[in-house]
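These numbers come from a predicted model, not from an experiment.
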Amino acid sequence: MSASLALILAPAALAQTQPTRPQPLGMTDPVPAARDIAFQGTMRIEVDATDTARGIFRVRQVIPVGKAGPMTLLYPKWLPGNHAPRGPIASIAGLKVKAAGKAVAWRRDPVDVYAFHIDVPSGAREIEVEFQHLSPTKSDQGRVIMTPVMLNLQWEKMSLYPAGYFTRNIMVSPSVTLPSGWRGATSLDVASKNGNRITFRQVSYEALVDSPMFAGLHYRREPLAADVALNIFADRPQDLEATPEQIAAHRELVEQFGKLYGAKHYDEYEFLVALTDELGGIGLEHLRSSENSHPRGYFTDWAKYSAGRDLLAHEMNHSWNGKYRRGADLFTPDYRTPMRNSLLWVYEGQTQFWGYILSARSGMMPVEDVKAELARTAAYYDIQPGRSWRPLIDTTNDPIVNARRPQAFGSWQRSEDYYSEGMLIWLDVDSRIRSLTNGRRSLDHFARAFFGVRPNDQGIFPYTFEDVVRTLGEIAPYDWNSYLTQRVEKVGEAPLGWIGRGGYRLVYRDTPTPYFAGREKDREMLDLTYTIGATIGKGGIVTGVAWDSPLFNQGVTGGTQIVAINGQEYSDNDFKAAITAAKGGRTPIEMLVKKGDRYRTIDLDYYDGLRYPVLERVGSGPSTLDALLAPL
């Protein structure tokens, strides 16, 4: 056959060859499902937390076994309070398993990488597990949980647990060894101390995971009530200096919680607070404690600004809403079962509401600062374009979908809006209840009826959407089902009726409130969200651009650097001055911007001046908003 004939025939021959069409291998789940049965014996967990120079926790566990054969150990994956599968499995190293002093081989499950399979040898009554939990040493590796002067021990990160059981049925005897001279705080009860080693009383694994520890070299403890304490750890001893008035505000916060709910579900409550620039930031709820962090100037800069001081109120509120009572579909029997977040607009949204309201009532934040935050939030959702396509209920999936990663266009994509937009819903519900009952009832009554129940019960009492609707109807008869369905599951206008019913209106001024300015300073940014729809960080770097805003329409995105304004080197003050000078005119602001290695000049056609939101009082009659913010 000639070469030319072969070339002609080759395509036809290839066309007759059928592509290979494989079938996928089947997958099985060898991990036993959690069952509500008793666990044999007590698991011991021993944590050596003395290697603070390198940020290494060394863990030893002794786990009883019932019989020889297959056994699966799980690393917690779906973490309470995270609403997502965020267990830092990559942080454990050096895993070894032994039985009767002999090594036992382990193999990671190829589908669920949080599961480790072993074969328990005949005659073994327990297995010994050793590994290290490696704290990130830099923030770009994850949250730093150990520094030379402070640590945050979270037991779920320091342990494996046997599959096949509800975690509430696995009993644990935990202990920790701290560096010499350090002190720690936790809601766990101490059984004994031996030098730097602390052994705690036996608890369930579920309760252990809900009982973290802060420890450090510089520590101050302040009793806030007979059963509540403020435990403060700091990078420097001078950061612990607090005035009597500051501590009194924390005491009043606890007092206001008691008046609001009328019942509690803890026998003791420990605020764990880190004042630090080194330990990773946190705000995490527990039934009998909370993990909180603030910058070092929490006390020393108290008078400068209050932005962020709602954190302690927010996390303590979760003891009632989120820990004791939580959405029925969020409760899981172990830390492998996926969580469903459909009611986070109650769990987090109403907690966001009470976090600010109780901060105002207690004096943790000035009332005017809380009003300024409510104005800022209302203004944001009043103009947020993402509300036109994505309902609030869908944002409850964001802990899983996005895991708080930065977004290119947050105002369009939306993020975990069930927090702040959820707060607006509950502000609206409160004002509506007050209107329906001529001021006789409010959301305070709902809080007590829904969350302040079964005093001293330290279990979990789930709720459903129907439970929320029914209790609201008992407080004030109304079609709450339609009301909440519209605001949670439908797109449309933000729930802002509470402003007018409260005796206020949302307006914009050309100077920021002291709270707004303090928030800018705290976050080290220029916030022009309500002016040109942009936020700008250090060095003129644009950190956010609103969808369909003036800069967006000029092709500017996050990461762009503003190099010059009207021919002058960029500064925040010069940019604000240029915006002010252009107000009411027709001459655009000339901007030189840089993205990567490309420079370009744009003309910013914006002539409405600086705009900062504020709630302005209307009339002189009674205000439901002022009544809401008043102490009980």
Under 3.5 Å, is there a donor-acceptor pair between the [X] and [Y] side chains?
{"X": "Asn321", "Y": "Arg326", "result": "no"}
{"X": "His318", "Y": "Glu348", "result": "yes"}
{"X": "Glu416", "Y": "Tyr418", "result": "yes"}
{"X": "Thr42", "Y": "Gln202", "result": "yes"}
{"X": "Tyr205", "Y": "Asp210", "result": "no"}
{"X": "Ser91", "Y": "His133", "result": "yes"}
{"X": "Tyr515", "Y": "Glu368", "result": "no"}
{"X": "Ser306", "Y": "Asp369", "result": "yes"}
{"X": "Tyr75", "Y": "Ser159", "result": "no"}
{"X": "Thr276", "Y": "Asp235", "result": "yes"}
{"X": "Thr535", "Y": "Thr543", "result": "yes"}
{"X": "His286", "Y": "Glu291", "result": "yes"}
{"X": "Tyr335", "Y": "Glu206", "result": "no"}
{"X": "His265", "Y": "Asn456", "result": "no"}
{"X": "Asp334", "Y": "Thr337", "result": "yes"}
{"X": "Gln141", "Y": "Lys138", "result": "no"}

Between [X] (side chain) and [Y] (backbone), is there a donor-acceptor pair under 3.5 Å?
{"X": "Arg288", "Y": "Ser187", "answer": "yes"}
{"X": "Asn194", "Y": "Arg197", "answer": "no"}
{"X": "Ser290", "Y": "Glu315", "answer": "no"}
{"X": "Arg86", "Y": "Pro399", "answer": "yes"}

Distance-only criterion, 3.5 Å: show the donor-acceptor pairs between side-chain atoms of residues 93-108 and protein atoms not counting sequence neighbours.
| unit_1 | atom_1 | unit_2 | atom_2 | d |
| --- | --- | --- | --- | --- |
| Trp106 | NE1 | Leu95 | O | 3.2 |
| Arg108 | NH1 | Val113 | O | 2.9 |

Got [X] and [Y] here, is their nearest side-chain heavy-atom distance under 4.5 Å?
{"X": "Ile127", "Y": "Met71", "value": "yes"}
{"X": "Met316", "Y": "Val228", "value": "yes"}
{"X": "Phe214", "Y": "Leu151", "value": "no"}
{"X": "Asp112", "Y": "Lys77", "value": "yes"}
{"X": "His218", "Y": "Asp239", "value": "no"}
{"X": "Ser420", "Y": "Gln352", "value": "yes"}

Does the ring centre of [Y] sit less than 6.0 Å away from the ring centre of [X]?
{"X": "Phe257", "Y": "Trp320", "result": "yes"}
{"X": "Phe451", "Y": "Tyr324", "result": "no"}
{"X": "Phe461", "Y": "Tyr463", "result": "no"}

Residue list, side chain to side chain donor-acceptor pair (under 3.5 Å) with Arg168, at least two apart or on another chain: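 If we apply the side chain to side chain donor-acceptor pair (under 3.5 Å) test to Arg168, skipping adjacent residues, the hits are Asp36.
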Aromatic plane relationship, Tyr298 with His294 - under 30° parallel, 30 to 60° tilted, over 60° perpendicular: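 Rings of His294 and Tyr298: parallel, as their planes differ by under 30°.
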Face-on cation placement of Arg361 at Trp354 ring, 6.0 Å and 45° thresholds: no
